[in-house]
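Bear in mind the structure is a predicted one, so any value in this text is a computation, not a measurement.
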Amino acid sequence: MSVFRSIVFSAVVSGFLVGAAVTAAQLFSTVPLILKAETYERGSTDAAAKSAPATSAPATSTPAAHEHADHQHADHDHGSNAWEPKDGWQRNAFTAAANILTAIGFALLLSGLYALRGHPVSWHEGVLWGLGGFAVFTVAPGLGLPPEPPGVPAAALDARQIWWIATAAATAAGLGFFVFKRTVWAAVLGFCLIVSPHLIGAPQLAARHTDVPEALSHQFAVAVTLTSFLFWVLLGSLTSVAYRRFSA
């Protein structure tokens, strides 16, 4: 019971601190880029809505084209009717809550791993665990599915989620073989596990058009990667310190 209490308390404390710190970083990095991308997204949606009556019966229309247009119209209607937080404090509050809950969830995972180690984990060892989480949940999936701002079309959500989860799981298992089974066969197996999702390839659209500038997409991907790096380094170190104190 004491071990369980140490895991929960250390996860809540470190998760709250990390979630708050990452939210502050996002307010100056990713949030301005998201707001800028949303202006392009709204502009393209408005332009498509205005041009829809004039192009409702094109000379080269096909069933697939009509189906695509109907799908776009349905998505637009759904988005306009769906509730979303208002810009400002409401949106920032929901962002902070999501970041804190995410940090607590991953902190529970890290604290559980620290408990399984059976001995105290120093803060610099916690940083290494955090870097492992960064590699598993950010770097590896981001190689095939880089972070994209609003307004950039992507492949089907189900296919992307399956590939993302499989890539994270394979990378975690591969790193585990490298770190905990220091033999030749483990290194070969770990390498194969890490590389296999990228050989299969992430789901991609054959062709896509977006009004969002390429430079903005690149800035967004860099900002998300850097904030994720901050998230995992802080989470690994703070969780290790908190767990060491509570378990003592």
Short question: side chain of Arg160, backbone of Pro203 - any donor-acceptor pair under 3.5 Å? no

Which label fits Phe180 and Trp129: parallel for a plane angle under 30°, tilted from 30 to 60°, or perpendicular past 60°? tilted

Give a yes or no answer on whether the side chain of Ser237 reaches the backbone of Trp123 with a donor-acceptor pair at less than 3.5 Å. no

Measure the shortest side-chain to side-chain distance between Leu193 and Phe177 over non-hydrogen atoms and say whether it is less than 4.5 angstrom. yes

Within the 4.5 Å heavy-atom criterion, are Val121 and Arg244 side-chain neighbours or not? no

Side-chain donor/acceptor of Gln204 to backbone N/O of Gly144, under 3.5 Å: yes

Check: Thr23 and Asn92 side chains under 4.5 Å, non-hydrogen atoms: no

Anything under 30° is parallel, anything over 60° is perpendicular, the rest tilted; go ahead and classify Phe231 against Phe106. perpendicular

With distance as the sole criterion, is a donor-acceptor pair present between the side chains of Ser10 and Ser111 under 3.5 Å? yes

Working to the nearest 0.5 Å, report the span between CG of Leu109 and OG1 of Thr239. 10.0 Å

Could you give me the CA-CA distance, side-chain angles and deciding distance for Glu38 and Arg91, then say whether salt bridge (Lys or Arg N to Asp or Glu O under 4.0 Å) is met? CA-CA 14 Å; Glu38 285 178 345; Arg91 189 171 187 173; 2.6 Å; yes

For the student: nearest non-hydrogen atoms of Phe134 and Thr225, plus distance: CE1-O, 3.6 Å

Do Thr138 and Ser228 have side-chain atoms, one donor and one acceptor, less than 3.5 Å apart? yes

Flag side-chain contact, heavy atom, 4.5 Å: Asp211 against His209: yes

Side chains of Val212 and Phe220 in contact at under 4.5 Å (non-hydrogen atoms): no

Donor-acceptor contact below 3.5 Å, side chain Glu125 vs main chain Ser122: yes

